[in-house]
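Residue numbers begin at 1 in each chain, while the letters A, B, ... track the order of the sequences. These values consider heavy atoms only, across backbone and side chains, with no hydrogens, waters or symmetry-generated copies. Computed from a predicted structure; not experimentally measured.
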Amino acid sequence: MKDYRKEVARIVVSCLLILLMAEAGLRIFFFLTNRDIGAFDPGYFLYRPDIFTGYSLAPNSKINHITLKTKINSLGYRGREFTAKKPDGTYRIIILGGSESYGHGLNDGETWPDRLQILFDADKSNKVEVLNTSVDGFSSFQALTSFATRLLDFDPDLVLCYLGWNDIKYWPLISPSRGFADTGLAERKDSPSNIDRWLHYSYLYILGRALRNKIPREFVGISPPAPASQPPDTDSDLEYGRRVFERNIRSIVAIAKANHIRVCLINQLNLLSRPLQDQEKSRIYFIMKEDKLVKAVRQVRVSLERISEEEDVPFVDLNALITPDLTVLSDHVHATPKGSSEIARKLHDYLIGSGLLINAGKS
Amino acid sequence: MLFNSWEFWIFFAAVYGLYLLLDRRGQNILLLIASYFFYGSWNYKFLGLILASTIIDYYCGIRINEAADLKKRKVFLAISVCSNLAILGFFKYYSFFVDGIEKLIRASGYDPSLMHLNIVLPVGISFYTFQTMSYTIDIYRNKLQPTRNILNYALFVAFFPKLVAGPIERARTFLPQIEEKRIVRADRLLSGGYLVLWGLFKKVFIADNMMRYADAVFAGKNEPGLQVLFGLYAFAFQIYADFSGYTDIARGLARLMGFELSMNFNLPYFARNPREFWQRWHITLSTWLKDYVYIPLGGNRRGRFRTYLNLLITMALCGLWHGAAWHFVLWGVYQGVILSIHRFIDLNVRHPQFKLPRAFGAALNILKVIVFFHVTCLGWLLFRADSLNQIFAMTRSLALGFSLTYSVFQNTLIIAFFTWFLMLMQLIQYKKNNLEILLESNCGLQAMSYMYMLFGVFIFGAAATGNFIYFQF
């Protein structure tokens, strides 16, 4: 006669052993191969909920993975440490942007704000500090909110606005025709529950979740279901989105002017700013139909130009200075390390040449 | 309270803790109260309905048994059956028939204004009304003695693990378990726990994830044939894992408390023909229909034509039982037709007199399983489709719109990722002819399997949690 009590106990112990062995095996593997589990769930390890912007970068967080090295400083921004109070004799440049200037997929030191800092560091005549306050997924609304609620305290001298793509991403969602379905915080992160926090101590759990997120949610090749009422990229949707974008940028400019801060508007380097080649098309994240997307990208440039003229602030179209192709961009809008260097060099030259840095290091 | 919700498990832990402390009578009262609470948590207003059905059938059962003449027995049987059918008919089929009649009248040129009611379908109504009807019919047929304890009878009707989606239990197998002392043993705890976990795994990991893929295909327009096929595969796994998962959880919970519920699924996708399929799929419904519809209609005793007709009628009713919609009826008729065709072939085509080589026989069996699985999938198209137009469009895609694309490999991988463990387990279960074969393997293999299932439930469970399909029936 089988003793089932012992059988149950044996199975329970075996389960625990398997769990422990798998967890320990993963940890050893990650340690030996220089991998960081955080790279499999950056949303949890790098971000925190934020009352103003929906989410923001978690201070002192880092990912030190074989393919990605990211460190967030003690104030919650990517890049080197800086103090909230501006050091005497320093000219502060703040960069407002999303993943395009945050440096999505790039290691520390490879982003264009990092490269820009290096260029200024090499130039001993100016003491310039470049604060990269960009966050993955931030739109002009979040940049404006962040600027008005936090960044003014850093006492910047110049603000570089590198915004556009994330706004376009939200345009189809925010129009009145869809009842203001989204407020622009589409990637809002909720505070993790205590259970979730506990589970995140397990490598098995994190890898399992990463695997879950990797599996396509629909069969590959399936045609998207017909929209319920109206396609999410009508001209009126785009027009409304553009107006919101323009309003946000004007607000940033107004706040900056009121605080005697200079502003420079930059049109992002974008593959869609010129006719696409077949190879390039596969790298585009088509959030709407191609013709609408091209139109939206053009509208961003037109809006920035108009604001520049009307508000008398400088405007730089990077697409006129650098040929956007797959050597400088890894996809539609994210720079490669080479692209970062190019962007930084062009902007450095522009800032020096345009006189925007007058009094730099002497403020 | 769904079996795959935390609320249910808190409820069950509380009930089970108390259950272990009580004697048999106390346990029965506790289970009855818990069952009504469980049912009331869906919609307390329908508690009256289940109580009414319980009292009517309990009373009719005794009166049928006591009645001296056949006429009286028939009267009480009629009261029982009619009251159950009236409850079922009103709540489940009223709108369906009113709509149908209205359309008919409109087609003849009139503009009727029939009374439309906004009727909410009580959860599990098809299951418990079938159980209570079988009780009085069995007493009428002298196959069962009525119980004289209304609490025991009420528990037979309302026992919460099987209340909302079966299995459809017979009183002659379940009532004795209520009336006798039950022992909770370690082996039953182990096998009950296994069934619960296996059922949760099937529901949460396989069914809920397959649902996403199937839903996307059925929501699409003019999908190519290959996508439709993948959608049907996904739905075939979804509906099987969903319903059999529910049954496994129900059987596991019952076993933890010392009860044994009937087996409802026995590897249905290993069926080689429709008859075998219905011996393996929703067994408690198919045996119910056989005992109380097909055989009373005459079964196969009244000639070939009547046999085919009886099959069609029984299966059409089976379709209608699933829901008040034409596509369910169509699915039922489809099942009736393939059962009839199979019966016709079986009776008219001579089997070879010589013995086939073993390997050839095995290959032929595999081929039959694969072919019949696709026949079943075609049936699921009728079952799942939202309209006749969709059935035509998808059938046309299946027949004419095939083209091999790179996505075949990727989509096969998706299905394989979610179903490989189920398929492997079932292959072993089939080969060993033992549905609980895992319990007989060594504890290391058991532990690995349980960990994999837990991993599937907890990691992939949060992605999508859906209602059980059969709750709506």
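- The two residues A:Arg212 and B:Ile459 come nearest to each other via the heavy atoms NH1-O, 3.0 Å.
- Annotation for A:Pro216 and B:Arg212: closest pair O-NH2, 4.0 Å, computed over non-hydrogen atoms.
- For B:Arg396, the CZ atom sits in a loose shell: 12 or fewer heavy atoms of surrounding residues, nucleotides or ligands are nearer than 6.0 Å.
- Other residues, nucleotides and ligands contribute at most 12 non-hydrogen atoms within 6.0 Å of the CD1 atom of A:Ile51.
- Counting heavy atoms from C-beta outward, B:Phe417 and A:Leu211 have side chains that approach closer than 4.5 Å.
- B:Phe455 touches chain A through its side chain: at least one heavy atom from C-beta onward sits under 4.5 Å away, while N, CA, C and O do not.
- Between A:Ile18 and B:Met451, the closest heavy-atom pair is CG2-CG, 4.1 Å.
- The environment of A:Lys69 atom NZ is dense: over 12 non-hydrogen atoms of other residues, nucleotides or ligands sit within 6.0 angstrom.
- In B:Asn433, the CG atom is not crowded: 12 or fewer heavy atoms of neighbouring residues, nucleotides or ligands sit closer than 6.0 Å.
- Open room surrounds CH2 on B:Trp6; 12 or fewer heavy atoms of other groups in view lie less than 6.0 Å from it.
- The structure places CZ of A:Arg10 at 10.0 Å from CG of B:Asn442, a figure rounded to the nearest 0.5 Å.
- In the displayed structure, A:Leu20 atom CG is contacted under 6.0 Å by more than 12 heavy atoms of other residues, nucleotides or ligands.
- Heavy atoms of B:Phe418 lying under 4.5 Å from chain A belong exclusively to its side chain.
- Comparing A:Ile215, A:Leu19, A:Val8, A:Leu17 by how many heavy-atom pairs each has under 4.5 Å with chain B, the most go to A:Ile215.
- Taking both residues in full, the closest heavy atoms of B:Ala447 and A:Ser14 are given as CB-CB, 3.3 Å, listed atom of the first, atom of the second, then distance.
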